[in-house]
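Read the structure below first, then the notes.
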Number of protein chains: 2
Amino acid sequence: MPKLGMEPIRKAALVKATIVEIGRAGSLDVTVSQIAKRAGMSSALAHHYFGSKEEMFLAAMRHILTLYGAEVRGALVAAEGPEGRIRAILRANFSPTNFRREAVGAWLNFWVLSLSVPQAKRLLAVYQRRLRSNLIAALRPLAGVRAGEIAESLGAMIDGLYLREVLKSGAPDGAAAAAVALRHLEAELARGA
Amino acid sequence: MPKLGMEPIRKAALVKATIVEIGRAGSLDVTVSQIAKRAGMSSALAHHYFGSKEEMFLAAMRHILTLYGAEVRGALVAAEGPEGRIRAILRANFSPTNFRREAVGAWLNFWVLSLSVPQAKRLLAVYQRRLRSNLIAALRPLAGVRAGEIAESLGAMIDGLYLREVLKSGAPDGAAAAAVALRHLEAELARGA
DNA sequence: GTTTTTGTTGATTGACGAGTCAATAAACTT
DNA sequence: AAGTTTATTGACTCGTCAATCAACAAAAAC
């Protein structure tokens, strides 16, 4: 009973399943059959819609990055004032969403994937630039010309804290990470004044 | 013409070859045959000495961590004064060695591996604690009771800067990364005073 | 000098997995 | 109604790969 207009639905299901399976495996070592099964279809259909496993990975990566972008944007609209905007960005970066199994698996594995797949590296670069410009925009009123360099260090701090939170055993603590990042920011701002 | 006492030689060659192959592939998706071939022996011999691929990976990881530890220690013995010790640690972390293809591949992939292999997670934890205690020891004279929290943020900063340097396209710049880390440190110290 | 230990490999096994294809069927077009 | 497009899968191909094994060779032990 083939209904029409299945393509977007199937693709969305496959993308979601891909991310879940990567999270479960903790690696990109997942089979198309696993993914297809979780998405409720045959592996042949997965190939029909995506052509190859790599395309599936890239689509999954786009999806993760889109979600991440949406979370940042969502946090930003509710934010007031420069400091509020910074806090919003930190909140989005260290939200529980990003510490879920699937998100962690996706991020770490996509970093690795970007070592060997140029397309993946490009996707990552786009989002890094976006974070950077968000940070700079929020920092400008607070730090003036130093906004650029502070955005750079704060960005690195965010990545580093996330990585550590994710690699350590035990439950991750996003709030603590955000607090450390905020302390870093205050110190940098104080230094400039 | 089997010479005796081959075991350590063969194992060392395999460990080295494993790291090189992971660097070339940019992932853990390397075959035992590739590794064995690069190490100049049959894949059967590789299995003979290590039993399984996972054991090879773990041995490679131990080796990378040992090299890293040695580099830090080596930089520390030549260092004078608390600030000199911090600088030494930064220099070791951002040395060209750690930006070589093999090292990058090893680090990123071992982070990923630690998501699914507890043994790998444990190895990583040992070295993270060691870095932490090195940092605290050097920071104590400079920061007193705040040494702990500053070590935490500086450690995260180091990881974050390394990650960004490694993921960006173009030649990595360890010196620039070290400079940013140092600026962070100064800001934190100034804040305390 | 025979037995044991160590080193070594080619061949094989057994499994798995990406991607293809032919076939079936429902829905839309003309 | 005939033809086309979309959805769907089971079966299959072709390749790969981790791990095992039997067999051979040299040194050491006895």
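The structure presented is a predicted model; accordingly, all values stated were derived computationally and were not measured. Below, read A as the first sequence line, B as the second, and so on, with proteins coming before strands; counting in each chain starts at 1.
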> Using a cut-off of less than 4.0 Å, is there contact between a side-chain N or O of B/Arg10 and OP1 or OP2 of C/dT8?
Replying inline: yes
Report the distance from atom [atom1] of [X] to atom [atom2] of [N], rounded to the nearest whole Å.
X	N	atom1	atom2	answer
B/Met41	C/dG10	CE	P	13 Å
B/Glu55	D/dA19	CD	P	10 Å
A/Phe50	D/dA7	CZ	P	13 Å
B/Asp29	D/dT16	CG	P	13 Å
B/Met56	D/dC17	CE	C1'	12 Å
B/Lys37	C/dG10	NZ	C1'	15 Å
B/Met6	D/dA26	CE	P	15 Å

>> Could you work out, with ring-ring contact (aromatic ring centres under 6.0 Å, His included) as the rule, every residue matching B/Phe50, not counting sequence neighbours?
In response: none
> Can you name the residues that form a side-chain hydrogen bond (donor to acceptor under 3.5 Å, both in side chains) with A/Arg100, not counting sequence neighbours?
Replying inline: A/Glu102
>> Working to the nearest 0.5 angstrom, can you tell me the gap between B/Ile22 CD1 and B/Leu108 CG?
In response: 11.5 Å
>> Ignoring hydrogens, what is the shortest heavy-atom contact between B/Gly174 and B/Phe99? Give both atom names and the distance.
In response: CA-CE1, 3.7 Å
> How close do B/Glu188 and B/Ser153 get, heavy atom to heavy atom, and via which atoms?
Replying inline: OE2-OG, 3.1 Å
>> I'd like to compare against my own output: the B/S/- annotation of nucleotides 13-21 of chain C with a strict under-4.0 Å heavy-atom distance to protein.
In response: ----SSBBB
>> Between B/Glu80 and B/Arg85, does any NZ, NE, NH1 or NH2 come within less than 4.0 Å of an OD or OE carboxylate oxygen?
In response: no
>> Please classify the nucleic acid contact of A/Tyr49 as base, sugar-phosphate, or nothing, using heavy-atom distances under 4.0 Å.
In response: sugar-phosphate
